[in-house]
Amino acid sequence: MVWGWPVAWYLFLGGMGAGAMLAGLAAPLVGKQYAVVERAGAAVAGPAVAVGTGLLVFDLGIGRHEPWRIAYLYLNGSSPMTWGTWILTLFVPVALLYALSVTESLPSRWERVLTPLHRVVARARQVLRVTAGVLAVSTAIYTGVLLSMPPTFPLLNNWLLPALFLASALSTGLSVAVLVALVLEHRRGVQLGLHPWSRIHIGLLVGEIAVLLAWLGVSAGAPVGAESVQMLVTGALAPVFWLGVVAFGLVGPAIAFVAETAPGGHSCRLALTGEAGVLVGGLALRYLVLAAAVPILARPPL
Amino acid sequence: MAPTTSRRTFLQVTAAGTTLAVAPAVLPRLPALSGEPPAGQVNPARSTPGKQTKVLSACEMCTVRCPIVVRVRDGEVVRIEGNPKEKATHGAICARGNAGISLLRDPDRVRTPLIRVGERGEGKFRQASWEEAYRFIAERLTQVKQRYGPQALAMARRPSATDPFLVTFGKAFGTPNLFTHESTCPMARNVALEVSYGTAGVAIDYGKLDYLVSFGRNHFETIAVPQAQGLVGALGRGAQLVYVDPRHTPTAAAATTWLQIRPGTDLALVLAMLHVLIAEGLYDHDFVQRYTHGFAELAEAVKECTPDWAAKQTGIPAAKIREVAGAFGLARPRAVADFGWYTAGYANEFQLRRAIIALNALAGNLEVPGGTFLIKGMKKYAAELGSWKKPKFPKASAPRVDGAGVPGRFPLAPAKDGLIQALPDAIITGQPYPVRAFIASRFDPLAAVPDQARMIEAFGRLDLLVSIDVYVSDTGAYADVVLPECTYLERTDPVFDVSGLVPKIRYRQQAVPPQGEARPGWRIYKELAEATGIGEYFGYRDIDEVIAAQLAPLGVSPQQLAASGQWAPPGFAPLYLRGKDPTAAVKLPTASGKIELASEELAGLGIEPVPRYRPPAQRPPDRFRLVQGKCAVHTNSATANVPWLHELRPDNELWIHPTPAARLGIRDGDRVVVRAGGHQQHGKAKVTDGISEDTVFAYHGWGRLSPGLTRVRGRGISGNALLPATTDPVTGSLIMRETFVEVVKS
Amino acid sequence: MSTATVAPVRHRYALVVDTTRCIGCEACSVACRAENNVPEGHWRSRIVAYPLGKSGQTRPVKWACMHCADAPCVTVCPTKATYQRPDGIVVIDADRCVGCKYCVFACPYGARYVDEERGIPDKCDLCHERIDAGLQPACVQTCVGRAISLADLADPNDEAAARINSGEAKPLHPELGTKPSVYYVMGR
């Protein structure tokens with residue numbers, strides 16, 4: 001593995017942060033009462049992506065010790081990594097500003113500093129909303145493009161990978177947004193109705209399962225890709241795949257959300273379990289994508 | 001541990017120094033953010049840039065001694081390259097030659113004299129001064145000489161340019177018991193050449209041959225660069241290579257035809273080839289008449305050796321044997337049968353080599369391009385090298401302890417080489433007389449000679465064991481004193497003869513100062529002789545004086561030699577005595593003056609005068625014949641611990657055929673135990689159909705004992721810990737492929 | 001050869017590896033290691049047992065950076081630390097690299113390793129300093145079988161280039177679409 005756990009965590013956090021932003025942006029469309037989801041999603045997005053970016057910097061070789069070299073990362077227009085550098089550079093501040101623009105109460109300690117800024121961003125909320133949306137989609141997808149571009153790993157070298165990353169980002173992002181919203185509302189003693197979100201999430205999960213199946217199918221059709229799929233489905237990585245991705249991340253949450261939306265459901269705990277499972281599954285998926293990538297040519301002992 | 005400047009520490013030091021000196025300039029250097037990278041960066045870690053000196057020298061990573069150019073920058077060797085002016089190698093050197101720097105820098109090297117403080121083999125030593133070490137050795141040598149006579153000292157080495165000093169020391173001391181490693185390797189071949197041609201100085205013109213039959217001479221793994229390069233060139237021209245080996249080696253892969261012969265039956269194949277050549281009249285009648293002796297006896301001996309008979313012995317179809325023999329006959333005189341290299345194999349080895357010589361004689365390939373040739377040595381074709389002045393040696397105090405060259409014992413075995421495997425018995429039994437002191441010079445009998453346990457027992461009985469080496473070898477770990485010799489990059493050696501078709505000398509020139517306290521052989525033996533009271537035999541001041549004395553008869557100055565690293569008489573073209581006139585006189589130093597196909601000398605010793613078949617030892621059921629060989633990146637046990645080469649091949653494996661492996665439940669990569677004669681070795685199995693079903697194979701040089709060899713100690717299988725030391729009564733060579741081992745999964 | 005030519009000579013370098021002359025001795029591997037001070041545990045070039053069809057037979061093949069004309073490493077390098085010189089050699093400007101390892105990930109030939117101590121990926125650079133100085137790359141010079149040749153495709157009289165132009169020497173895995181500049185003669 002060229003890239004290990006730090007990058008897997010980044011892929012997860014980056015996707016989740018972007019997805020959380022998108023969930024937040026979608027909240028007003030789902031219902032007026034879900035402004036808290038909007039705030040939660042916006043609040044999670046910036047920090048999550050920032051922490052992920054920190055992990056990327058941590059994973060750098062010489063760039064970690066000589067951080068000024070990071071300036072060079074912005075220079076190659078043909079590299080998805082350069083695109084990503086721009087995207088992350090813009091997304092984190094935009095997400096933070098947008099979070100500020102939708103916040104209801106400023107933390108008292110920072111109130112004096114933040115109030116004028118808040119006034120400004122609140123006025124630019126609409127611009128920020130659109131910009132954040134575009135950047136969030138970019139953040140969710142570019143990692144998939146980055147991994148799929150070189151011909152080296154048949155498991156990754158296909159257009160379904162960005163689609164899978166987008167699906168996973170939306171799902172994990174929605175989960176974290178809802179979880180954070182629940183925590184915020186719980187603190188205020190408000191019971192948040194989760195039915196619509198659970199329904200949306202069922203849809204997202206069905207979509208993700210479809211993309212996952214298609215991706216595995218396409219990969220299994222490629223000569224070396226089949227080895228990767230075999231590793232995932234029956235090989236060394238099968239426990240993580242079946243337990244982490246399938247059981248915790250997809251099927252488990254789907255059942256939980258169906259149960260939650262069933263007549264007489266309304267079990268917050270069920271929804272909570274489902275959301276947590278999605279996050280575990282999301283992380284497992286990002287790790288497996290890296291771990292199961294078998295190179296198209298046997299690696300020389302270099 | 002003596003200080004060594006590894007590249008890493010060197011770089012760090014440099015980097016730190018730079019930072020201190022020019023700190024402000026090292027701050028973030030952000031070239032124009034234009035996106036266009038700067039051109040032509042120079043990496044200071046590279047070996048090419050910078051001001052360098054080039055030292056012309058000779059390699060010593062194996063005994064071939066290829067000519068090299070050592071590039072030195074700031075007192076450090078940065079690269080070793082082949083000498084591009086050498087036409088036999090075109091600037092090539094092998095992996096081992098390229099790894100000389102890695103040996104030079106190896107932290108495992110011994111860099112100060114050591115005196116043992118622990119038990120023998122424990123590897124516990126204290127550092128000592130050279131003076132103390134010399135005094136220690138000299139005192140014990142003197143005691144041994146007084147009590148047992150000078151013959152109680154044995155000395156052994158792998159032949160090298162240091163030989164003149166070791167031999168002088170031994171002869172001055174008065175002992176006849178000087179050994180080389182030859183009986184573990186090419187002795188059977190050399191004796192066969194001596195008997196047949198009157199000299200072992202016969203070689204093959206690989207580059208120009210059209211057809212080569214090689215009986216296990218594994219050119220592309222047991223690499224002598226000039227030979228390998230010549231053969232690759234010949235194959236590229238369309239020459240045919242028939243390679244005979246039970247194992248699929250890189251040479252088998254490159255061969256036109258690979259014959260997977262039943263082990264130990266090569267002689268049957270050669271006899272059948274002789275049969276076909278004679279029966280079908282495919283041999284060179286004129287040559288046989290003019291240059292050979294005893295053809296009629298040979299023809300009589302191979303009369304019954306039909307291809308059908310040989311097919312039963314060898315497992316090679318009779319039609320294939322006829323085909324190969326026929327093609328060989330048609331390709332003459334540029335058809336050659338390889339004399340072999342490592343020939344310490346089977347009990348029939350001597351007669352096999354004799355039969356191979358007969359094949360060459362029938363091809364009439366002597367002294368023609370693409371054939372075989374007598375080495376055109378300096379003494380005969382230019383001038384004999386001189387030597388430093390020394391008194392006459394005393395007469396040896398006894399005949400050789402091992403009987404090499406002694407009538408009634410091993411009369412054909414070269415007395416200059418001896419039978420190293422006979423040493424333990426002499427030490428342990430005190431017969432025919434006691435041997436009480438042993439000096440091993442860049443030679444590791446515990447790794448190189450079969451019956452390791454007996455050798456260890458013998459070492460335990462010695463009054464003095466000295467190892468002169470670059471590592472604390474296995475033998476070193478048992479030694480009383482280890483003297484650190486410097487590597488070939490740190491010393492100048494005497495000039496040596498590397499003649500081939502042209503008379504030629506080469507020499508090894510010091511490139512960098514010795515590390516730590518290490519000293520060159522010429523100095524160690526001189527100083528040791530002075531401490532022992534025989535200093536008058538080492539009347540030179542330094543190595544330059546030795547070389548000047550050597551060169552004096554040639555009219556070549558040391559400066560001339562230093563500039564080129566080697567020298568040949570100007571204008572001397574490759575000389576083939578029969579190149580222009582196939583009837584030209586070639587006088588051989590045999591009794592008949594001809595190639596002795598039948599030898600009265602042998603008959604007189606009660607040995608078959610012409611080759612006759614003797615099958616190899618029968619394999620007991622459920623046992624395997626154990627065969628060892630060389631891999632391309634190591635020189636037997638000598639380089640196993642060299643870091644880069646160790647990285648390339650850190651371990652050996654036991655090759656075993658899938659059929660017996662399945663029967664024993666052994667899968668590729670499984671741990672196995674190999675047992676023989678009450679000894680056992682542990683290793684890893686390599687299941688491959690590249691080896692015969694009845695045979696197991698392991699590369700030689702692993703399963704080491706010395707704590708001083710940190711990388712390879714305890715790794716892999718030592719064949720010599722399993723094999724008994726069986727000696728061929730004819731040649732004195734070891735017989736190392738007639739032992740059968742048990743293999744089980746561990 | 002002199003570098004002090006009046007008119008700039010344009011070169012297009014390639015390597016021809018004649019596997020029928022390769023004995024698999026790894027002299028090239030070690031020469032490269034020594035020439036380039038490759039760190040412990042790494043090699044820029046090695047001999048691999050390359051499968052010939054499905055027979056199970058293999059051929060020793062020298063394997064290192066293929067100096068692709070359409071190199072994924074050059075495309076993906078975000079800092080342009082990896083770039084292709086006008087003469088075709090793909091090199092790394094260590095001063096510009098951040099150590100993101102995307103190039104290592106992207107190379108389908110697995111030709112790159114990470115020099116952990118420097119935090120920078122590295123690979124064969126065809127000994128360009130030697131070439132610039134009029135010398136052969138270390139692997140070419142040391143080759144026991146004289147199996148490796150430096151070709152200049154811009155030189156119409158270059159013998160090694162002729163073997164490329166005639167189709168005798170072919171790249172390995174052209175289907176990956178990277179247009180390698182290392183060409184192999186596989187022979188019989």
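Residue numbering restarts at 1 for every chain, and letters A, B, ... go by the order of the sequence lines.
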(request) Applying side-chain contact (heavy atoms from CB on, under 4.5 Å) between B/Ile68 and each of B/Ile93, B/Asn83, B/Thr89, B/Asn98, report the one that passes. (result) B/Ile93
(request) Please check if the side chain of C/Tyr109 supplies one atom and the backbone of C/Leu172 the other of a donor-acceptor pair under 3.5 Å. (result) yes
(request) Return the option, out of B/Ala632, B/Pro226, B/Gly91, with the maximum number of heavy-atom pairs under 4.5 Å with chain C. (result) B/Gly91
(message) Tell me whether C/Asp132 is salt-bridged to C/Arg85, with the criterion being a basic N under 4.0 Å from an acidic carboxylate O.
(response) yes
(message) Between the side chains of B/Arg71 and B/Glu81, is the shortest nitrogen-to-carboxylate-oxygen separation below 4.0 Å, so that they form an ion pair?
(response) yes
(message) Taking every non-hydrogen pair under 4.5 Å, which of C/Gly41, C/Ser29, C/Pro60 racks up the most with chain B?
(response) C/Gly41
(message) So which residue, C/Arg21, C/Arg46, C/Gln57, ends up with the most heavy-atom pairs under 4.5 Å with chain B?
(response) C/Arg21
(request) Return the orientation label for the C/Tyr102 and C/Phe105 ring planes: parallel under 30°, perpendicular over 60°, tilted otherwise. (result) tilted
(message) Under 4.5 Å from any heavy atom of chain B, what part of C/Cys25 do you find: side chain, backbone, both or neither?
(response) both
(message) Given heavy-atom pairs under 4.5 angstrom as the criterion, report whether the side chain, backbone, both or neither of B/Leu648 touches chain C.
(response) both
